[in-house]
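Below is one structure, written out as structure tokens; comments come after it.
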Amino acid sequence: MGCAHGKCCNRDSSTSDEDAGHHQRGIRPYKNKDGLTQRSLELVHVPSHNFTLQYSSLTQHGFYPDTTDRENQDSFCIKTQIQGNPNVHFFGVFDGHGQYGAQCSNFVKDKLVEILSSDPTLLDDPLKAYNSAFLATNSELRDSEIDDALSGTTAITVLVVGDTLYVANVGDSRAVIAVKDGDRILAEDLSVDQTPFRKDEYDRVKLFGARVLSVDQVEGLKDPDIQHWGDEESHGGDPPRLWVPNGMYPGTAFTRSVGDSTAEKIGVIAVPEISIVRLTPSHLFFVVASDGVFEFLSSQTVVNMATAYKDPSDACTAIAGDSYKRWLELENRTDDITIIIVQIKGLSNSGVGTTDSEVHSRPCQTGGSMNQSAAIVPPLMHQRPLESDVG
């Protein structure tokens, strides 16, 4: 989701059994590969726990019939062996928005990992280092030549440190992990979209004076005093957005981002929410993707599709292709689409204390002050998907 005149916010999180079967059989490739960038299959070993990460990525330029020369505002970063350590690896997706969204996205994807890599406290205190890196990146973007008044980027990132994932998020891109549960493979969200649909985020931005209204409410078509919009899945077509007290801007549909200096005055912050997951043999792979993927595909649908492919490159192509197709079926355009899939190969119980997901967290710090410490939230562990979503 982006500015009021950018991305739409419609979502379709349900998938029929027939669709799930279609996904398992695979989908047709893109008819138009213009603007498609894909990395071939790559591997990196994690010697501390003797397992391998096998990964691939893809980014697809969106189709905008009225602005065919528009840049891809998504970017991604994969950096292995952070600080020369073979056990530390970084995966991130950045979804830019606004006039200078592409510049913001590319700046942040380079700067964030650069600051993390140069932080001597990274391995001693990953949480503090992660939080500091987001805030420093936001500050450096503000001081750069890029105009971030009405532009910025989301950031969904996964730092692998041995057998532990540190997932830091600002915005509404998403990370999901696949967990084997008996004969089923379940999707567990590693991040929670930060939008005004969330009461905690709604309350926080209201304390900064934000008006929270849908476009229809701003334009006088609906009662602005009604301050509930249902849930994101069923009411995503005209979502609540953030506006300054006496103006028709910025209209952001998210409550956290890097950049967006105007929106920062009404509570949009770059403080990440961070979750921590101890990997076990039941964890099969994780997905990091922009909302161009999740706009019309649920987390469980994405996991179902990725499960059907041995090669994560093929899985990236299938998921991006289906996302692209659904955009064109439901809209007259598509969003930019970016996805990273990382398979976890060979992790055994040796040195792992439990076969269940182990999440370390402390309460989410999202109070009224623009605090400078990371908010740490648990993933939605063992979230039971809709039965129609389970392949």
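Just so you know, these numbers use all the heavy atoms, side chains as well, and skip hydrogens, waters and symmetry mates. We count residues from 1, following the sequence as given. Keep in mind that this is a model prediction, so the values were computed, not measured.
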The side chain to side chain contact (heavy atoms under 4.5 Å, CB included) partners of Ala315 (sequence neighbours excluded) come to Ala306, Tyr309, Ile341
Taking only Lys NZ, Arg NE, NH1 and NH2, and the carboxylate oxygens of Asp or Glu, determine whether Arg174 and Asp291 approach each other closer than 4.0 Å.
-> no
Is there a path of hydrophobic side-chain contacts, each under 4.5 Å between heavy atoms of I, L, V, M, F, W or Y residues, that connects Val108 with Ile82?
-> yes
Looking at side-chain heavy atoms only, is the closest gap between Val46 and Thr52 below 4.5 Å?
-> no
Taken in chain and number order and not counting sequence neighbours, the residues that satisfy side chain to side chain contact (heavy atoms under 4.5 Å, CB included) with Leu41 are Gln54, Asp311, Pro312, Ser313
For the residue pair Phe254 and His97, categorise the inter-ring angle as parallel (less than 30°), tilted (30 to 60°) or perpendicular (more than 60°).
-> tilted
Do you see a donor-acceptor pair shorter than 3.5 Å between the side chains of Asp124 and Thr121?
-> no
Passes ring-ring contact (aromatic ring centres under 6.0 Å, His included), Tyr249 versus Trp243? Steps please.
-> CA-CA 5 Å; Tyr249 62 92; Trp243 313 86; 8.7 Å; no
Here the salt bridge (Lys or Arg N to Asp or Glu O under 4.0 Å) pairs for residues 141-153, sequence neighbours left out, are Arg142-Asp148, Arg142-Glu264
For Thr80 and His89, test the side chains for any donor-to-acceptor distance below 3.5 angstrom and give the result as yes or no.
-> no
Salt bridge (charged side-chain N to carboxylate O under 4.0 Å, His left out) with Asp110: which residues, sequence neighbours excluded?
-> none
Between atom OH of Tyr130 and atom CG of Asp125, what is the distance when rounded to the nearest 0.5 Å?
-> 13.5 Å
Should we count CZ of Phe90 as having more than 12 external heavy atoms under 6.0 Å?
-> yes
Going by distance alone, is a donor N or O of one side chain under 3.5 Å from an acceptor N or O of the other, for Ser173 and Ser290?
-> no
Would you please name every residue forming a side chain to side chain contact (heavy atoms under 4.5 Å, CB included) with Asn72, sequence neighbours left out?
-> Thr59, His61, Asp74, Asp336
Residues in salt bridge (charged side-chain N to carboxylate O under 4.0 Å, His left out) with Lys310, at least two apart?
-> none
